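To keep things clear, I will list the structure first and then write my remarks on it.
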Amino acid sequence: MKIVLTNLAPDDAPAIAKTLVAEGLVACVNLYPVRSIYRWEGQVCDEPEMTMMMKVATEGVKTLRARLEQLHPYDVMEFVVLEVDAEASLPAYVQWVREHSRG
């Protein structure tokens, strides 16, 4: 199991999250409002965004990335993959994620 993070404009995140869940690419998406301060094209930007925290089976990460590249409106999207300690995590939850996100 992996956790994948990306940020989107607040108006885009819910629809993309629903698409990924409906297509079976992720088991669950949590949306968090954030304020992102970053450098882009020589400017310091300060924007509201939504962080999408996606739960996916390890085998499904490549498929998720390919689909998110199609859906994501940013020129360079954030796609950060975090390892989950499956042994320390609740086994039933890890199994649920595996069953609900395809590889």
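As the structure is a computational prediction, the values presented were derived from the model and not from experiment.
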- Query: Distance-only, no hydrogens or angles: does the Thr6 side chain make a donor-acceptor pair with backbone N or O of Met52 under 3.5 Å?
  - Reply: no
- Mind listing the closest non-hydrogen atom pair of Phe79 and Val4 along with its distance? CE1-CG1, 3.5 Å
- Is there a side-chain contact between Met50 and Val34 (heavy atoms, below 4.5 Å)? no
- Message: Do Ile37 and Arg35 make a side-chain contact, defined as non-hydrogen atoms from C-beta onward lying under 4.5 Å apart?
- Response: yes
- According to a 4.5 Å side-chain heavy-atom criterion applied to Ile, Leu, Val, Met, Phe, Trp and Tyr, with indirect links allowed, do Leu71 and Val26 form part of one hydrophobic cluster? yes
- Message: Are Pro14 and Leu31 packed together at the side-chain level, in the sense that at least one heavy-atom pair is separated by less than 4.5 angstrom?
- Response: yes
- Heavy-atom side-chain contact between Val44 and Tyr38 under 4.5 Å: no
- Rounded to the nearest 0.5 Å, how far does CD of Glu59 lie from NZ of Lys2? 9.5 Å
- Message: Please verify the inter-ring angle class for His72 with Tyr74; under 30° counts as parallel, over 60° as perpendicular, anything in between as tilted.
- Response: perpendicular
- Item | Side chain Ser101, main chain Leu25, donor-acceptor under 3.5 Å | no
- Message: Minimum heavy-atom separation for Thr58 and Met1, please, with both atom names.
- Response: OG1-N, 2.9 Å
- How many angstroms lie between CD in Glu78 and CG in Leu68, if you round to the nearest 0.5 Å? 10.5 Å
- Task: Any chance you could measure Met53, atom CE, to Leu82, atom CG, to the nearest 0.5 Å?
- Result: 9.5 Å
- Indicate the atoms forming the closest heavy-atom contact of Ala27 with Trp96, along with that distance. O-CH2, 3.3 Å
- Item | Side-chain heavy atoms of Pro73 within contact of Leu8, under 4.5 Å | yes
- Message: With a sphere of 6.0 Å drawn around CD of Glu69, does it hold more than 12 non-hydrogen atoms of other residues, nucleotides or ligands?
- Response: yes
- Report yes if the side chains of Met54 and Ile3 come closer than 4.5 Å at any heavy-atom pair, otherwise no. no
- Message: How close do Glu49 and Pro10 get, counting heavy atoms only, and between which atoms?
- Response: CA-CD, 3.9 Å
- Query: Regarding Ser36 and Glu47, is there a side-chain donor-to-acceptor distance under 3.5 Å anywhere?
  - Reply: no
- Message: Taking the basic N atoms (NZ, or NE/NH1/NH2) and the acidic carboxylate oxygens, is any pair closer than 4.0 Å for Arg67 and Glu23?
- Response: yes
- Would you mind reporting whether Ile16 and Leu20 have side-chain heavy atoms less than 4.5 Å apart? yes
- Any link between Val80 and Val84 through a network of hydrophobic side chains (Ile, Leu, Val, Met, Phe, Trp, Tyr) touching at under 4.5 Å? yes
